[in-house]
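Contents: one structure, followed by commentary.
We count ligands from 1, going down the list as the structure has it; atoms in each ligand are counted the same way. FYI, the numbering just counts along the sequence from 1. In what follows, every heavy atom counts, from backbone to side chain, and hydrogens, waters and symmetry copies are set aside. This is a predicted model, so every value here is computed, not measured.
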Amino acid sequence: MQPMTQKFQNYIGGRWSDSSDGKTFENRNPANWQEVLGTFPLSTKEDVDRAAKAAEAAFRKWRLVPAPERGSIMRKVGDIMVARKEEIARIMTREMGKPLLETRGDVQEGIDTAYYCATEGRRLFGINTPSELRNKLNLSFRVPVGVCGLITPWNFPMAIPTWNLFPGLVAGNTFVFKPAEDTPQTATVLTEILLEAGLPEGCLNLVHGAGTTVGAAITEHPVIRAISFTGSTATGRIVAEACGRQTKHVCLEMGGKNAEIVMDDADLDLALEGALWGAFGTTGQRCTATSRLILHEKIHDEFVQKLVAQAARLRLGDGLESTTDVGPVINEKQRKNIERYVRIGREEGATCALGGGIPGGQAGSTDPRDLTKGWFFQPTIFTGVTPTMRIATEEIFGPVLSVLKCSSLEEAIEINNSVIYGLSSSIYTRDVNKAMVAARDLETGITYINSATIGAEAHMPFGGVKATGNGHREGGWAVFDFYTEWKSVYIDYSGKLQRAQIDNS
Ligand code: UN1
C-alpha cells in the first residue's frame, strides 16, 4: 500500500487551514523527484486578505508588548531550535537537497539569529539630542512599521526567514509570510516553533503558494506596510515597482556574481579550499556563491590544474548520505537554466575544463546514490573566460565557476566591479596593503579577506550594492532600520510657547 502523503496547511489568524478553494501543490525531494514529501495549500488572494487582516488585528496588541518580553520569546525559539536541530536539518535536506552538514548550518544561523534578536529586545536604542531651546528635551525612538510581508527563497529555507521574522517581531511588527514553494515544510516547522515559544495568535500568518498569486497579493495588499523580498533581480524589480507605487517600504536581496580574487602572493592551498567551498557548496545556489574566480596570471595555470583535480573528486549524491559533498539542484527548471548557461559559455568560446553536464547513472536503479533520480548537475569549471562574456556577468545559480585572469590588483578590482551585481567578494593575499585597498574598492556589500565569498554571520549586516539590493541590510543591528520607523518626540517643559528657528535666534 502507498503511504499516505502528509497534508500541510496554512496558518492564518491562529488557525491551521486549507486554501480557500481547496487547491494544493506537491513538495518533492530534489534528490529523488519521485518522492512526494507532502501537499501544501495553493493559496488564493482571499487567503492573503484574511492573513493581512489577522496580522493587522494582532499588531494592535503586539506593538504594546515590551520589547524585552518580545525578545524573550526569541530566546525560547532558539532553545527549541537547538533541541530540534537534527530533525529540522533532515527535513530541510529532503526538501532542499543540500547536505546535512549545510542544513545543520542553516538551522544554526536561525539559532544565532534568535539569540541575537532576543538580546536586541533589551536595546533597540534610540538617539537623544539636546534641544536648541531651553527647558526642552528631544527624544527619538524606534516604533514598529506595522504589518510586514515576507517572501523568501528556497536556498536558505530557515536562515533567511529567521533574519526577517525574528528582528521584525522583536521590533513589534506582525507578518504575512510566503515561503518558497520548493521548501514549504521548513517554513511550517519554523511557524510551529514560534507558536510553541508563545508567539500570540495572528502575529505570524503563514500562506503557502505561488509567487504570482500569493506573492503578488502580499505586495499589493493595502494593510501591509513593508515587504521583504529575497530572490532574483528580475522579480525584485517587479516587487519594487509595485511597492513604489504604493509608497510601501521594501527591502530587496537579489542576484549576485561574486568573485574570489587570488593574488600571486596568496596562500594558494587556502585559496583553493575557499574556491571549492564558495563555488560548489550548496551546489552553487547561494546568493553569495563564488561564480567568478579571478586569478593572477603568475599562479593561474598551477591553480587551475589543482582546482580541476580537486573539484573532480567532489562526490555528488543525496544530501542525507554522509559521503555526499554536493547535493542536487533544486528543480528541473533551475537545472535547465544551468544547462543553458553551459551552452552559452561554450558558444562564447570559453573552455569547459570540468563537468558541464548531467551526471549519468543506472536508470531505474534502487541505489540511493543513483544520480538519475534527482536534479543533479556536475560541478563545472570554465577557463579562458573574459570579463564581458555572459557566463562572467550573469547570475547562473548553480555549480558553475568561471575562471578569469588578471595581471594586477587594480585589474582584478576592475573586473570584479564590472558586473551589475555587488553582493560578496573575496581576496586572498598576504599583502596587508593590497587587502586594505580591496576592502575599500571592491563594490560589494560584503568583502572577505583570506576567506571564501560565503559565510556571513547573523549579527553582521548582510546585503549588497548596485543591482543586488536597494540600500537596506538584513542581519545585525542594520535590519532594525528596516523593521522600525523613527519617531521624534519634543518635550517642552518651559510652560510657554517656544518657536523653533525663531525664539532661539
Ligand atoms: C544567501 O545565499 O542567500 O553568507 C544567503 C552565506 C550564508 C547566507 C547566504 N550565511 O553564505
Suppose we measure from atom 9 (C) of ligand 1 to each protein heavy atom; which comes out shortest, and what is that distance? F156 CE1, 3.6 Å
How does T282 reach ligand 1, if at all, at less than 4.0 Å between non-hydrogen atoms: by side chain, backbone, both, or neither? neither
Derivation of the ring-ring contact (aromatic ring centres under 6.0 Å, His included) call for W154 and F397: CA-CA 12 Å; W154 43 263; F397 226 68; 5.6 Å; yes
So, K466 and E443, do they make that salt bridge, N to O below 4.0 Å? yes
Under a 4.0 angstrom heavy-atom cut-off, which atoms of ligand 1 come close to T288? 2 (O), 4 (O), 6 (C), 9 (C), 11 (O)
Atom 7 (C) of ligand 1: which protein heavy atom is closest, and how many Å away? R286 NH1, 3.6 Å
For atom CD of E414, decide whether the heavy atoms of other residues, nucleotides or ligands shown that lie under 6.0 angstrom number more than 12. no
By number and element, which atoms of ligand 1 are closer than 4.0 Å to a non-hydrogen atom of N155? 1 (C), 2 (O), 3 (O)
Students often mix this up, so state it plainly: with edges at 30° and 60°, are the rings of F462 and W163 parallel, tilted or perpendicular? tilted
State the atoms of ligand 1, each with its element, that fall below the 4.0 Å cut-off from a heavy-atom position in E109. 7 (C), 8 (C), 10 (N)
Taking side chain as C-beta onward, heavy atoms only, is N416 less than 4.5 Å from T444? yes
Among G105, C287, A456, the residue with a heavy atom nearest to atom 1 (C) of ligand 1 is C287
Close approach, I160 and ligand 1, non-hydrogen under 4.0 angstrom: yes
Using a 4.0 Å heavy-atom threshold (strictly under), name the region of E457 that reaches ligand 1: side chain, backbone, both or neither. neither
Going by the angle between their ring planes, with limits at 30° and 60°, are Y116 and H459 parallel, tilted or perpendicular? tilted
Just to check, does A159 reach to within less than 4.0 Å of ligand 1 when the distance is taken from its heavy atoms? no
Using distance alone, determine whether W163 and ligand 1 share an N or O pair under 3.5 Å. no
Polar contacts were defined as any N/O atom of the residue lying under 3.5 Å from an N/O atom of the ligand; does this apply to T230 and ligand 1? no
Nearest protein heavy atom to atom 6 (C) of ligand 1, by residue and atom, and its distance? G455 N, 3.3 Å
Is the shortest side-chain N to carboxylate O distance from E411 to K405 below 4.0 Å? no
Can K336 and E332 be counted as an ion pair, charged N to O under 4.0 angstrom? yes
Could E181 and K178 be called an ion pair, given the rule that one side-chain N must be under 4.0 Å from one carboxylate O? yes
